[in-house]
Number of protein chains: 2
Amino acid sequence: MESKAKKMKMTPQRAAIIKYLEGNTSHPSAEDIFESVRKKYPMISFTTVYNTLQTLKDRDRVWELNIDDERKRYDPNVKLHHHLICTRCKNIVDIFMDFQLDVPEEEAQGYMISGRHVEFYGLCPKCGKTKNRG
Amino acid sequence: MESKAKKMKMTPQRAAIIKYLEGNTSHPSAEDIFESVRKKYPMISFTTVYNTLQTLKDRDRVWELNIDDERKRYDPNVKLHHHLICTRCKNIVDIFMDFQLDVPEEEAQGYMISGRHVEFYGLCPKCGKTKNRG
DNA sequence: ACTTTAATATGTAATGATTTCAATATAACA
DNA sequence: TGTTATATTGAAATCATTACATATTAAAGT
């Protein structure tokens, strides 16, 4: 059984992926990670990227975001925060605000709520300026 | 150019899809819609389901949700509300609460925010009871 | 009712992200 | 240094969704 504490075997590929993610606020996709790590490890495979992401997810070291409708995005910051995505270019930024998000019993319909995430949609400064082109 | 007001041609297939969606709070996937409508219209194609959903989206008559990491889900209720998903069985229920979700200028980083959506994660009553099986 | 026409339905093929699989390689630890 | 469980790789498979070409039809006007 997987657990957060379980040690993970370190490999150069994993180290490179972890290093790329460390402090990264760009919310990269698997492909972004692959392309970046590939510069240093040309032989790395997509499967390794996905495997490593799964391993990190299992250990709560990375957060898989579904906010982008085209692909999954990954966030190494697993502390509670929220996101704002540009609906045009899909750029994502962090929102560190502590919203009051309590759901009254009767609204929760018997669910045991364990997580909450606010998604904001809008246009980034760049896309906001070029609304009518592209 | 598409617009919310633009009339859409009505066909039996579309009528069936719309009827299925009307008042539907199950947040169906495209496949759910396809399987349901197929009972009455065995010849309907998946493409028609997706085309119709696109048409309805363009007219803001349906909301495409990315909350389920496996597939897109559709909600005919386009009035602002939020969602709670069971992380095990992916059942989704509506949360009608008016949270205060204002983002201060400096947090918005120049984005023009146009939408907001709170996603809650948890276990539904049924899955909560069977945590350790399956 | 009949025509016209743009919009829609269909089936099939293509796409793109993600997963599976079998064979090979290697980190960790005795 | 040898053993072994775990990771890496590349190729193929899967699954949701989209694109495309052809046939059909709703809608609007005659």
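Atoms considered below: every heavy atom in the structure, side chains included; atoms not considered: hydrogens, waters and symmetry mates. First the proteins, then the strands, lettered A, B, ... as listed; each starts at 1.
Looking at B/Thr52, its side chain does come within 3.5 Å of a backbone N or O of B/Thr48 through a donor-acceptor pair. Here the side chain of A/Thr55 pairs a donor or acceptor atom with the backbone of A/Asn51 at under 3.5 angstrom. Side-chain atoms of A/Arg59 never come within 3.5 Å of backbone atoms of A/Gln54 as a donor-acceptor pair (strictly under, hydrogens ignored).
Residues of residues 63-74 of chain B having a heavy atom closer than 4.0 Å to DNA chain D, listed by number: B/Glu70, B/Arg71, B/Lys72. For the segment residues 41-51 of chain A, the set of residues with a heavy atom within less than 4.0 Å of an atom of DNA chain C comprises A/Thr47, A/Tyr50, in numerical order.
Heavy-atom contacts of chain B under 4.0 Å fall on DNA chain C between two terminal nucleotides, which in 5' to 3' order are C/dA6 to C/dT12.
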For residues 94-103 of chain B, please give each side-chain donor-acceptor pair under 3.5 Å, one per line with the distance, not counting sequence neighbours.
residue : atom : partner : partner atom : Å
B/Asp94 : OD1  : B/His27 : NE2          : 2.8
B/Asp94 : OD1  : B/His81 : NE2          : 2.9
B/Asp94 : OD1  : B/His83 : NE2          : 3.1

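Linking ILVMFWY side-chain heavy atoms closer than 4.5 Å, directly or via other members, places B/Tyr121 and B/Val118 in two distinct hydrophobic clusters. Using a 4.5 Å cut-off between side-chain heavy atoms of Ile, Leu, Val, Met, Phe, Trp and Tyr, with links allowed through other members, B/Met10 and B/Tyr50 fall into the same hydrophobic cluster.
A salt bridge is absent between A/Glu22 and A/Lys19; no separation between the charged side-chain nitrogens and carboxylate oxygens falls under 4.0 Å. Taking a cutoff of 4.0 Å between a charged side-chain nitrogen and a carboxylate oxygen, A/Arg73 and A/Asp32 do not qualify as a salt bridge.
The line from CD of A/Glu31 to OG of A/Ser36 is 12.0 Å long, rounded to the nearest 0.5 Å. We find the CG-CG distance between B/Leu21 and B/Asp75 to be 9.0 Å, quoted to the nearest 0.5 Å.
For the pair B/His117/A/His117, no side-chain contact is recorded, criterion being any heavy-atom separation below 4.5 Å from C-beta on.
In this structure, the helix from C/dA1-D/dT30 to C/dA30-D/dT1 shows an angle of 40° between the axis at its start and the axis at its end, each fitted on 5 base pairs and rounded to 10°.
Spacing between atom CD of B/Gln54 and atom C1' of D/dA19 amounts to 13 Å, rounded to whole angstrom units. Rounded to whole angstrom, the span from the CZ atom of B/Phe34 across to the P atom of D/dC15 amounts to 16 Å.
At the phosphate of D/dT9, OP1 or OP2 sits under 4.0 Å from a side-chain N or O atom of A/Gln13.
The hydrophobic cluster around A/Met43 extends to none of the other residues, as no ILVMFWY side-chain heavy atom falls under 4.5 Å of it.
The two residues A/Tyr111 and B/Cys124 come nearest to each other via the heavy atoms CZ-CB, 3.5 Å.
Across the interface with DNA chain D, nearest-nucleotide mapping of A/Thr11 and B/Lys9 shows A/Thr11 to be the residue nearer the 5′ end.
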